[in-house]
Amino acid sequence: MRGIIIINFVKKIFNFSNQIPDKHSEPTLYPRAEHCISRSQISENALKVLYRLNKAGFDAYLVGGCVRDLLLGREPKDFDVATNASPEEVKATFRNCRLIGRRFRLAHVHFGREIIEVATFRGSEEKESDDQQTDTEGRLLRDNVFGTLEEDVWRRDFTVNALYYNIKDYSVVDYAGGMQDHQAGLIRLIGDPLTRYREDPVRMLRAVRFAVKLGFTLHEDTAKPIGVNASLLASIPPARLFDETLKLFLSGYGVQTFEMLRHYDLFAMLFPDTDQALADEEHEFPRMFLIRALQNSDNRLAEDKSVTPYFLFAALLWEPFTQEVVRLKEEGQNDSVAYQNAANTVLSRQVKVTSIPKRITQSLREVWLLQSRFESRKGARPYRLLAHPRFRAAYDFLLLRADAGGADPSLAEWWTSFQNASEAEQKQMTSSGNARRGKRRTKRHSAPRSASNP
Ligand code: ATP
Ligand code: MG
């Protein structure tokens, strides 16, 4: 320990910021006085788990996103614990514990709605030529050997995600140089970036997600391989990409995330049809619309309001949908058939990339199909639309379209007034007596051939 502290002292004095620690480096220890993590910021349940493991004779650390977020003074989403106790030993220590996972067994300790995830340290590659296997592209297939904290470090993705808070003395243990990167605001992959992306291409998406969420920069070695290797994401199961997509776009920084994903050619791997639709830079609307929709979600999340995945996907896929509607109408299909068929085509293509649960595609489809019904403002139709369970979402969607120049603003205004009007006013607004009857053509604000307003 004394040796480590001396090395630590020397490292700190000379600030070896360019030196990347390797597997044989000594850890740097940051005692309690040298970092800002206080127990008052840690969930009581996480503390209970850490202390109980310690008392039972095991090492117990907070690790990953919670340490990273605590160092920024932010409230972590959840608390993850790493220990040298085996999953069975963890289970034996807690009554409220369940073991989960096949590839790598984890213990979940339940406290009402809060779950503290306890993972046994994972072992090093050298030790497990049989147990840790990669496929022909270098992707990790199995990853299930237990090890020590020192070995566990090198399995994690980014240096700032590999900091361990030791409950024994409240110090932070840093093998990978995460503390310096944290202070410098850098997202840096541990180890050789290309190898790490090949092992798990989702790390490219995670790099973007953390950079945006934390306001950090991607280290150039971590950023460089992304563009040319984005296509590796094609091998990731659609269910995992769906989960990642939600994390990317529903974390409150959707606009920046979108821009950064596009910058690194990653957006095309998640929404190929949308990306293609955006390629036509002559038409401003598609990009404007997406930015407004994402900004709208970000604002709602900042106000602690809910954001639904179906609304998000409806916006993200709107442009390919409307382009398909236009194409089908040109082929002679009538409005409602074209809308149905376009929805089928776009969704069946998208679910091959990011699977979308049925309940989400159903609601999303309703939001799309209701857009055409806003045009009818006479007789009983507006009342029927108003009573539709998906009216509110569809109306919000219409406002976004109008705001971005893809629908007639007076149509949106009409619906705003209609909802707030008295019974008598509503009757007057919908009576066919005055001027226009039936469908009113929407004025196009975007370029004439834009599909945004099919
Ligand atoms: P947040 O929960 O705020 O999104 P996080 O860093 O906690 O961020 P998780 O997905 O909860 O992210 O993962 C917890 C930790 O597990 C990470 O901090 C990282 O150390 C490790 N980890 C997760 N996914 C990977 C991966 N694909 N490759 C390597 N390590 C990973
Ligand atoms: Mg986490």
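Residues take their numbers from the sequence shown, with the count starting at 1. Ligands are counted one by one from 1 in listed order, and the atoms in each one are counted from 1 as well. Not measured: the values here are computed from a predicted model.
In this structure, F146 has its ring center under 6.0 Å from that of F104. In this structure, the ring of F242 has its center less than 6.0 angstrom from the ring center of F313.
If you check which protein heavy atom lies closest to atom 15 (C) of ligand 1, you get R156 NH1, 3.7 Å. The protein non-hydrogen atom at the shortest distance from atom 22 (N) of ligand 1 is R206 NH2, 3.6 Å. For atom 30 (N) of ligand 1, the nearest non-hydrogen atom of the protein is D157 N, 3.2 Å.
Between the CZ atom in F374 and the CD atom in Q371 there is a gap of 5.5 Å [rounded to 0.5 Å]. Of the inter-residue distances, the one linking K91 atom NZ with N96 atom CG reads 9.5 Å to the nearest 0.5 angstrom.
The part of K77 lying near ligand 1 is the side chain, judged by heavy-atom distances below 4.0 Å. When heavy-atom distances to ligand 1 are checked against a 4.0 Å cut-off, D200 comes that close only through its side chain, counted from C-beta outward. Contacts between F158 and ligand 1 below 4.0 angstrom, taking non-hydrogen atoms only, are absent altogether. Using a 4.0 Å cut-off between heavy atoms, R68 contacts ligand 1 through its side chain alone, with no backbone atom that close.
Side-chain contact check for F121 versus V63: every heavy-atom pair is 4.5 Å or farther apart.
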- [ ] Take E199 and R196, measure what salt bridge (Lys or Arg N to Asp or Glu O under 4.0 Å) needs, and give me the verdict at the end.
- [x] CA-CA 5 Å; E199 278 174 6; R196 302 306 310 280; 3.0 Å; yes
- [ ] Evaluate the criterion salt bridge (Lys or Arg N to Asp or Glu O under 4.0 Å) for residue pair R155 and D200; output intermediate values, then yes/no.
- [x] CA-CA 11 Å; R155 288 305 182 75; D200 182 5; over 6 Å; no
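Short contacts between ligand 1 and G64, defined as distances under 4.0 Å to a heavy atom of the residue, involve ligand atoms 18 (O). The ligand atoms of ligand 1 that sit less than 4.0 angstrom from a heavy atom of G65 are 5 (P), 6 (O), 7 (O), 18 (O). The contact set between ligand 1 and R155, taken as ligand atoms under 4.0 Å from a residue heavy atom, comprises 29 (C), 30 (N). Counting the atoms of ligand 1 from 1 in the order shown, those under 4.0 Å from a heavy atom of R209 are 4 (O).
Between K213 and ligand 1, an N or O atom pair is found at a separation short of 3.5 Å. Taking distance alone, with nitrogen or oxygen atoms compared against 3.5 Å, R203 approaches ligand 1 more closely than that limit.
By the 4.0 Å heavy-atom criterion, E199 is excluded from the residues contacting ligand 1. At least one heavy atom of D80 sits under 4.0 Å from some atom of ligand 1.
Just one of D298, V307, L312 meets the side-chain contact (heavy atoms from CB on, under 4.5 Å) condition when paired with F249; it is L312. For the ring-ring contact (aromatic ring centres under 6.0 Å, His included) criterion with F321, the lone passing option out of F289, F397, F271, W368 is W368.
For the pair T274 (side chain) and L316 (backbone), a donor-acceptor distance under 3.5 Å is present.
Taking the Mg ion (ligand 2) as reference, D78 places its N/O/S atom OD1 nearest.
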